[in-house]
Every structure is written in structure tokens, then in C-alpha cells.
Amino acid sequence: DSGVTQTPKHLITATGQRVTLRCSPRSGDLSVYWYQQSLDQGLQFLIQYYNGEERAKGNILERFSAQQFPDLHSELNLSSLELGDSALYFCASSAGTGEGNEQFFGPGTRLTVL
Amino acid sequence: GQNIDQPTEMTATEGAIVQINCTYQTSGFNGLFWYQQHAGEAPTFLSYNVLDGLEEKGRFSSFLSRSKGYSYLLLKELQMKDSASYLCAVIYGPPDKLIFGTGTRLQVFP
């Protein structure tokens, strides 16, 4: 158990819909990262927040947005869902801003878009 | 563009040593991670290199050469439980961004 929690574990929805994925980092960790992992593209870094502020951005689509709240939990919002958005979404947390800091991954949310 | 290359698959025998290579081309370099991921599970951190040289951690070691854009993960005394995917990831920038390789799937046979 990494100490990072993600809800829900599974999510099935339809194209065009909007969903919210939630992540609670390990106690004391200030950084939260979001990743997408699909079969054909491997692990893709989406975005990082540090202490409530956006710190780094990867290949995150405009239909996707995220935020980190004062209690440090984070949410990833996915809208206008497409079939290709079906993937495993991981959240990770680390103590610092990222460089050299071990990231602890949550168990993931499996999103299926029908 | 940014790129990381790793072999797609490798096989090895229990008790042996295996080296998984990773080459990268990025604009800027701020560190390299290795992660292990078992099928259907979350990645777990193995190592981090930011300076040239070898970092040893038990049965696992990781090497970095920044001038060559090259790293390897060395696994010794292989066990069946080491069968997993091994992901190489680079932090580059500024601004900081993180890119993962597609992973090397290692199968360990008895």
C-alpha cells in the first residue's frame, strides 16, 4: 500500500460525458501527478501540482483539467469523453517538487468509455 | 521532439543478471527514473539518477551517462517475481516535464 488513494476504482461511461477522478496523496506529500496509461501508448504524464499550484504540464488534452485543493487532494476532470480516453489513470504523490523525489503511485482508476 | 528508447521485451533465467538499456533525447535533462510495473498494478519506484555513474540498491543498480544520453538498469540474482515491465522516465526542461519510455517487459524463466 503506497498511501495514495484513488476513487473510483472503475468507471464506465458513455462518449460525450464528463467524469471526475479523485486522488488523495500520502500524508505530508505536497506534489500530485496524474498519468494516463493505455495499451498502445504506455504511461503518459499529464500534469503535476505542487502545494495547490500547477507545476508541470505534459500531454494533457484541452478537454482534461485538474486542480489541487487546499487539503492537497486532487481531481482530474475529463469532459467530452471519447472512446480513445479509455485507459488506466494513475495518480502519484511525492514530498517535494519532483526532481529526485520518489513518486508513490495510487492503484489507479480504470475508465471505460463506451 | 523528446524521445526515450527501450527494448520492448527481454527474457532471462532465474539467478542470472540482466541489463535493461534506455537511451533518451530531450531538450534539457534534470534526472532519470526507473520504475517497475507488474501487470495490472501501479508502477513502483526503483531508482533516480541525476549525476553520471552507478547507483546501487540491493539487487538493482542504475547507471547514467548524461553525455551519451544513456542509462541502464542492472538486475542481479534474478527471481521469478522480477518478471514485470521496467519503465525509464526522464525529467527535462525547463519548464519541468516528465516523459516515460514505453517500458521493457522482462520475463524470468526457471
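Below, chain A is the first sequence line, B the second, and so on; all start at residue 1.
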Exercise for the section: Taking atom NZ of Lys57(B) as the centre, report whether more than 12 heavy atoms of other residues, nucleotides or ligands fall under 6.0 Å from it. Expected result: yes
Practice task
Look at the side-chain heavy atoms of Ile, Leu, Val, Met, Phe, Trp and Tyr, link any pair under 4.5 Å apart, and say whether Val108(B) and Val18(B) land in one connected group.
Solution key: yes
Handout entry: Minimum heavy-atom distance between Glu41(B) and Phe90(A), given as atom pair plus value
Key = O-CZ, 3.7 Å
Problem - Region of Phe104(A) that comes under 4.5 Å of a non-hydrogen atom in chain B - result: neither
Handout entry: Region of Leu98(B) that comes under 4.5 Å of a non-hydrogen atom in chain A
Key = both
Exercise for the section: State, with a plain yes or no, whether a side-chain heavy atom of Gln37(A) is found less than 4.5 Å away from one of Phe100(B). Expected result: no
Problem - Where Phe105(A) and Ala42(B) come nearest, the two heavy atoms and their spacing - result: CB-CB, 3.7 Å
Exercise for the section: May I ask you to check whether over 12 heavy atoms, not counting those of Glu77(B), lie within 6.0 Å of atom CD? Expected result: no
Handout entry: Path from Tyr35(B) to Tyr72(B) over hydrophobic side-chain contacts below 4.5 Å
Key = no
Practice task
Determine whether more than 12 heavy atoms belonging to other residues, nucleotides or ligands lie under 6.0 Å from atom CG of Asn59(A).
Solution key: no
Fill in the blank from the handout: Minimal heavy-atom distance between Gln103(A) and Phe45(B), with the atoms involved, is O-CB, 4.0 Å
